[in-house]
**Q** 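Sending over a structure as structure tokens; questions will come in a sec.
Values in this document were obtained by computation on a predicted structure and should not be read as measured data.
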Amino acid sequence: MAEKTHWKKVVSDPNYLGEADFAEGEEKVLTIARVNIDEVVTTAEGKSKKSVIHWQEPGNKPMILNVARSKNIEKVAGSPHIEDWPSVKLQLYIEKGIKAFGDVVNAVRVRPFKPRIAQAQPVPDCTDCCGKIQPAMGKDARWLAGYTTKKYGVPLCAECAQKRATAPVTDEDNKEVPDEPKQTAPGSDEPELL
């Protein structure tokens, strides 16, 4: 299945970190490389000067600072001074249902504590179809890979997991395992409790 494009990736601020850059339930741990205090940015509202965070980890869009994000970065960094923020690791997530600008929106937020999640390992490919494991059923791809590995012994995409779940039971699956001989307590007919 081809990856779908969220409309916010093309309509919102496509050059800056936003909701569309997160999979459902995903949290990102990123390290501040620098903060540009008066960067000229072009957003849906037009051009303006904003403070923008750039990350050490390549391939991540910069993030525009706002009051809520800045307050939590101050807590994590232990300093209100932007000059002290480079090299600070942040845990980012999407908060849903925020009232802003006369609407209810979702926004990128900063956890007010040092990151508690490990740096994410890459999501493995599906063992059955060799395709990318995508978010499904309201869970992110990493969760699905972990769940299917636990249940089936291998990472699977949602479609392949469903196929395995509904596959007919074979004679091989129904082979009985012989019972272990029961040990009895000396001088008794009762089974010994282990």
**Q** In chain order, what residues pass the salt bridge (charged side-chain N to carboxylate O under 4.0 Å, His left out) check against K163, with sequence neighbours excluded?
**A**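 Once residues adjacent in sequence are excluded, the partners of K163 under the salt bridge (charged side-chain N to carboxylate O under 4.0 Å, His left out) criterion are E159.
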
**Q** Measure the spacing between CG of N60 and CD1 of I53 and express it to the nearest 0.5 Å.
**A** 12.5 Å

**Q** Do you reckon L92 sits in the same ILVMFWY cluster as V88, going by side-chain contacts under 4.5 Å, direct or chained?
**A**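 Linked, L92 and V88 end up in one cluster.
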
**Q** Can you give me the closest heavy-atom contact between P62 and V52, atom names plus distance?
**A**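 Here P62 and V52 meet closest at CB-CG1, 3.5 Å.
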
**Q** Could you list all the salt bridge (Lys or Arg N to Asp or Glu O under 4.0 Å) pairs where at least one residue sits in residues 90-106, not counting sequence neighbours?
**A** E24-K96, E95-R109

**Q** V40: which other cluster members, linking ILVMFWY side chains closer than 4.5 Å, directly or transitively?
**A**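 Noted: V40 shares its cluster with no other residue.
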
**Q** Roughly how far, to the nearest 0.5 Å, is the CG atom of L90 from the OG1 atom of T31?
**A** 8.0 Å

**Q** List the atom of A136, the atom of A158, and the distance in Å for their closest heavy-atom pair.
**A** CB-CB, 3.6 Å

**Q** Please list, chain by chain and in numerical order, all residues satisfying side-chain contact (heavy atoms from CB on, under 4.5 Å) with S70, sequence neighbours excluded.
**A** L65, W85

**Q** Quick one: salt bridge (charged side-chain N to carboxylate O under 4.0 Å, His left out) partners of E39, sequence neighbours excluded?
**A**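 Listed in chain order: nothing, the list is empty.
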
**Q** I'd like to know if V123 and L30 are part of one continuous hydrophobic network [Ile/Leu/Val/Met/Phe/Trp/Tyr, side-chain heavy atoms within less than 4.5 Å].
**A**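 No; V123 is not reachable from L30 via cluster members.
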
**Q** Could you list the residues that satisfy ring-ring contact (aromatic ring centres under 6.0 Å, His included) with W143, not counting sequence neighbours?
**A** Y147

**Q** Can you name the side-chain hydrogen bond (donor to acceptor under 3.5 Å, both in side chains) partners of E74, sequence neighbours left out?
**A** none

**Q** Output all residues satisfying side-chain hydrogen bond (donor to acceptor under 3.5 Å, both in side chains) with S87, sequence neighbours left out; order by chain, then residue number.
**A**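 side-chain hydrogen bond (donor to acceptor under 3.5 Å, both in side chains) list for S87, sorted by chain: empty.
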
**Q** Taking the side chain as C-beta and beyond, is there a heavy-atom pair between L144 and P135 under 4.5 Å?
**A** no

**Q** Taking N106 for its side chain and G97 for its backbone only, find out whether a donor-acceptor pair lies under 3.5 Å.
**A** yes

**Q** Does the D84 side chain pair with the main chain of S79, one donor and one acceptor, at a distance under 3.5 Å?
**A** no

**Q** Side chains of D125 and I133: closer than 4.5 Å at any heavy-atom pair?
**A**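 No, side chains not in contact.
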
**Q** With side chains defined as the heavy atoms from C-beta onward, is the minimum distance between D128 and R164 less than 4.5 Å?
**A**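 When only atoms from C-beta onward are counted, R164 and D128 do touch, with a gap below 4.5 Å.
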
**Q** Would K75 and N72 count as a side-chain contact (heavy atoms from CB on, under 4.5 Å) if you check the C-alpha gap in whole Å, the side-chain angles of each, and the deciding distance to 0.1 Å?
**A** CA-CA 5 Å; K75 290 176 185 174; N72 284 348; 3.7 Å; yes

**Q** Does E27 form a side-chain contact (heavy atoms from CB on, under 4.5 Å) with R111? I'd like the steps, not just the answer.
**A** CA-CA 10 Å; E27 298 204 10; R111 295 272 183 212; 2.5 Å; yes

**Q** Just by distance, do the side chain of E19 and the backbone of I94 share a donor-acceptor pair under 3.5 Å?
**A** no

**Q** Suppose the criterion is ring-ring contact (aromatic ring centres under 6.0 Å, His included): which pairs have a residue in residues 41-83, not counting sequence neighbours?
**A** none

**Q** Start with the C-alpha gap between D21 and K28, add the side-chain angles, then the distance that decides, and say whether salt bridge (charged side-chain N to carboxylate O under 4.0 Å, His left out) holds.
**A** CA-CA 10 Å; D21 298 305; K28 295 178 185 283; over 6 Å; no

**Q** Can you sort out the partners of R69 under salt bridge (charged side-chain N to carboxylate O under 4.0 Å, His left out), two or more places apart, ordered by chain and number?
**A** none

**Q** Under 4.5 Å between side-chain heavy atoms, counting indirect links through other Ile/Leu/Val/Met/Phe/Trp/Tyr residues: same cluster for M63 and F22 or not?
**A**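 M63 clusters together with F22.
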
**Q** Starting from V154, walk the hydrophobic network (Ile, Leu, Val, Met, Phe, Trp, Tyr; side-chain heavy atoms closer than 4.5 Å) and list everyone else you reach, by chain and number.
**A**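 Under the 4.5 Å side-chain rule, V154 groups with Y152, L156.
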
**Q** Starting from V104 and following side-chain heavy-atom contacts under 4.5 Å between hydrophobic residues (I, L, V, M, F, W, Y), which residues can be reached?
**A** none

**Q** Looking at every heavy atom in both N36 and R34, which two are closest together, and how far apart are they?
**A**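 Answer, listing the atom of N36 first, then R34: OD1-NE, 3.6 Å.
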
